Each structure stands twice: as structure tokens, then as C-alpha cells.
2 protein chains.
Amino acid sequence: MEEIALTPVSYLVLGEVARHGSATPYDLKVSVAQSVGNFWSFPHAQLYKEPPRLAAAGLLREEREETGRRRRTFRITDDGRRALAAWLAAGDSGRTELRDPGLLKLAFSDLGQPGDAVRLARGQAVAHRAQLEVYRQLAALPADAMPWSLRRTLELGLGYERIAAEFWERLAADPGLIRAAAPPPDPADA
Amino acid sequence: MEEIALTPVSYLVLGEVARHGSATPYDLKVSVAQSVGNFWSFPHAQLYKEPPRLAAAGLLREEREETGRRRRTFRITDDGRRALAAWLAAGDSGRTELRDPGLLKLAFSDLGQPGDAVRLARGQAVAHRAQLEVYRQLAALPADAMPWSLRRTLELGLGYERIAAEFWERLAADPGLIRAAAPPPDPADA
DNA sequence: ACTCACACCATACGTTTCGGACTATAGTCG
DNA sequence: CGACTATAGTCCGAAACGTATGGTGTGAGT
């Protein structure tokens, strides 16, 4: 029963296991991909590493098939439930992190050709429309397909994507929003 | 002149140096913190590691003070400008990554006490209002305080924060959006 | 003029994460 | 039955993380 530090992914796993009663890492991978994975990105390999780690700390219980694929199935323990409840009850929540390559590129678009920004905007508009559609499909599912809490997050996701799609479309359509390249205020230089 | 892989942070540094003509890592740290850092998070130590790396690849030129703090000042080279231009011209842009601890917690709120979600929502509302205000201050700066491209990104940031603030406020105010805790193996749901 | 305190600036470093390549097992279809 | 595809799981070197920590300039107070 080791002491371990619990990261957001730890709670994600605890929560997901608690919700489904039991889960294999692959189950997690699949279910996370279209729910909570949309606003907490991380490599799927984590879902194979984290549960055994939580099991070692006594927060999950592990059962392993003795045959074939030797799947590992995890269930939450009372300690795990307590840890999850404590996290949920804590008001804080840490700083949110965003990494949007499109926005990054846009930020420096003044250093490129005017056409660059337009092309970027068109691409981003398509991408965000697509994601918006994904969310729409999920939101169209019957009420009992997901817990209310997950549906709420979906609503914010929908809001984000709608704003983003409109933003990039406006940018792609209105040349006035994109100006000519401005050379850096630097005379002597390589 | 080594071959190196260029990451988003590489372009961020190239762009920032190109824009200002020259910069020390600290200059970058300060200017990034209130501009592009808002949608591309990373630890500031990177800004001390990346420029020398780019210099080794011939994309930046380094000058170091011989005295006192021995500050390193970087300027972009023609190769650097070419690399930056190529990146700006490329339509793609990589997958956007989001890590929002608040949204993560909300997603699992059905496993906690009803009060948890309300408390969370209140905290998030305050945090997003604050960030919204930061953006508003930046947006109120005179037109020549930042390039048009950066202003555009600010507008999307403003949009995101407004949506988020409204979302969390609605959640905090309307108990109907938050239901009682639902035990996992329960098929009946509202 | 001195010095003390604080803000500014810079980097080192142990730990964790990244992310993709790779392997293995199960199911399916001709 | 054999070949192909989808499912499921693992590995590992490279890169990023993020904080602790230690210099350096400056100016306020005496």
C-alpha cells in the first residue's frame, strides 16, 4: 500500500471506474475518447499505467484473467471512493491549460503573407465545424445515455466550438480583419 | 549547424524574436506571458532552452554580454525567417489540446454531493470572470499596442471566456441543472 | 557613501509525461 | 483453413515539466 500523488488523470480513472462499476484499461480508453477526453488530453498509454498504480495504493482492486488476453479488470475500493469524494468536494481545481496551434499561428500571421491567414482560417473553420458536429451527435443521444454532469460539459464544449467556428469563418470571409505583413522594426540584421 | 525538429514552441520563439527585432529569454518570458502564452501554455524555462537550440541550428543568432549578467540576446537569421514563413504558409496546424480541471471535475460531479457542483461552479465563474477582465484590459489598449493578428486572437479569447463565465454562472444559479448523486449501477435516470 | 533588502533574471536537474511504434490476440470472411 | 482486419496492450527513448535555487542590479534609508 504505497503513498502516491494523485493527478487529474488519477481522478479521471477513479471516476470512470466508479461510474461503470468495473473497467479494463481498454474500456477506459474507449469511453474516455468520446467523453472526458475532449477536455482533458493525454496519451492513451496512461490508461494502462495509471490503474495498476492506483491499485498499488489501494484505491482500486485488480482482477486479472488467467487465460487468453489476461485482461485486467479494475473496481474501485472504499478508499478509492473516499479519495474521489474528497477531490469532488474540494473547491479548487488548478489552472486550465490550452494549446491551440491554430491560434498560435494566427498570432504570428502578421509576419507572413496575407493569404496565409486566410488559408489558416478556412482550415480552422472546417475543423471546428467538424468538432461541433461531433458534439451535436453526442448531445442528440437519449437522456439516459450519459449522466447529467457529462451532458453539462458537452454543453460548454458546444458553446466553445460554436464560438470558434463563427470566429474563423468571419476571419476567412472578411479581408478587412487581415492586414498586410508588417516588417519588424529592425534595420540592421542578418 | 545541427538538424533539429521544430516544435510549436520553436515557432513561438522565432515569431516573437522576429517581431521584436531582438530579445533576451527574459524579454520573451515577459511578452509571452500576456500574449501568446494565454493559449499556448508551457513552463518559462523553455524560453531559456529553446533559443540556444535554435541558434545551434542557425535559425537565430546569439550575442552575449561579456559582463555582469551576461545576458544573451537573440536575433533572427534569414534561415530563421524562412522557417517561420514556411510554417505560416503551411495550412495544417496540429491538434488542439485542452486541459480544464474544472470541466473534468464537473464531468464526475454526479458521483459527489450536489453541493460540490454548486461550489465548483461558483469558483469557476469567478475565475473566468477574472480572466475575462484581463482580456478586456488588454483589448482596451490602443490600436498600435499590438499587431492586428494578436488582437484577433484576443477576440476569440474574449469569446471563450464570456461563454465560460456565463455557463458557470448559469450552473451556479440554477439548481435544476444539477441533480442528486446517482450511484453507478442504477439504470433509472431523470 | 554604504549596505541591506528586494525585485529582476537565469539555469540546473530529478521526475514525469509524451506519443508513436510495435506486438499480440480475437474475430471475420472467402 | 488461411488471410485479413479490428481489438487490445506494451515499451521506451526523447522531451517537457516545473520548481528550487542562486546569482545580479538598484535604490531607499541612514
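Not measured: the values here are computed from a predicted model. Labels below follow one simple rule: chain letters A, B, ... track the order of the sequence lines, proteins then strands, and each chain is numbered from 1.
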For Trp40(B) and dC17(D), give me the distance from atom CH2 to atom P, rounded to whole Å. 10 Å
Assign Lys49(B) to base, sugar-phosphate, or nothing according to its heavy-atom contacts below 4.0 angstrom with the strands shown. base
How many whole angstroms separate atom NZ of Lys29(B) from atom P of dC8(C)? 10 Å
Need to verify one output field. Residue with the more 5' nearest nucleotide on DNA chain C, Phe42(A) or Pro25(B)? Pro25(B)
Check this for me: does any side-chain nitrogen of one of Lys105(A) and Asp116(A) sit under 4.0 Å from a carboxylate oxygen of the other? no
Could you state the atom-to-atom distance from CD of Glu50(B) to P of dA16(D) in whole Å? 7 Å
For Ile4(A) and dT15(C), what is the distance between atoms CD1 and C1' respectively, to the nearest whole Å? 15 Å
Can Glu62(B) and Thr73(B) be counted as having a side-chain donor-acceptor contact under 3.5 angstrom? no
Taken to the nearest whole Å, CZ/Arg53(A) to C1'/dT10(D) is 18 Å
Nucleotide nearest Thr7(A) when distance is taken to its side chain, options dC11(D), dT17(C), dG18(D): dT17(C)
Among dT10(D), dC18(C), dG18(D), the one nearest any side-chain atom of His44(A) is dT10(D)
Rounded interatomic separation in angstrom, taking CG from Asp27(B) and C1' from dC8(C): 12 Å
Please pick, from dG19(C), dC17(D), dA12(C), the nucleotide with the shortest atom-to-atom distance to any side-chain atom of Ala45(B). dA12(C)
Looking at the side chain of Tyr48(B), which of dC17(D), dT11(C), dT10(D) is the nearest nucleotide? dT11(C)
Give a yes or no on whether a salt bridge exists between Glu169(A) and Arg129(A), defined as a side-chain N under 4.0 angstrom from a carboxylate O. yes
Taking CD from Glu97(B) and C1' from dA15(D), how many angstroms apart are they, rounded to a whole number? 14 Å
Indicate yes or no: does Glu63(A) engage Arg61(A) in a salt bridge with an N to O separation below 4.0 Å. yes
Can you confirm whether more than 12 heavy atoms, excluding those of Arg53(A), are under 6.0 Å from its CZ atom? yes
Under 4.0 Å, heavy atoms only, any strand: does Arg99(B) hit a base, just the sugar-phosphate, or nothing? sugar-phosphate
Could you tell me how far apart Arg71(B) (CZ) and dG25(D) (C1') are, to the nearest whole angstrom? 9 Å
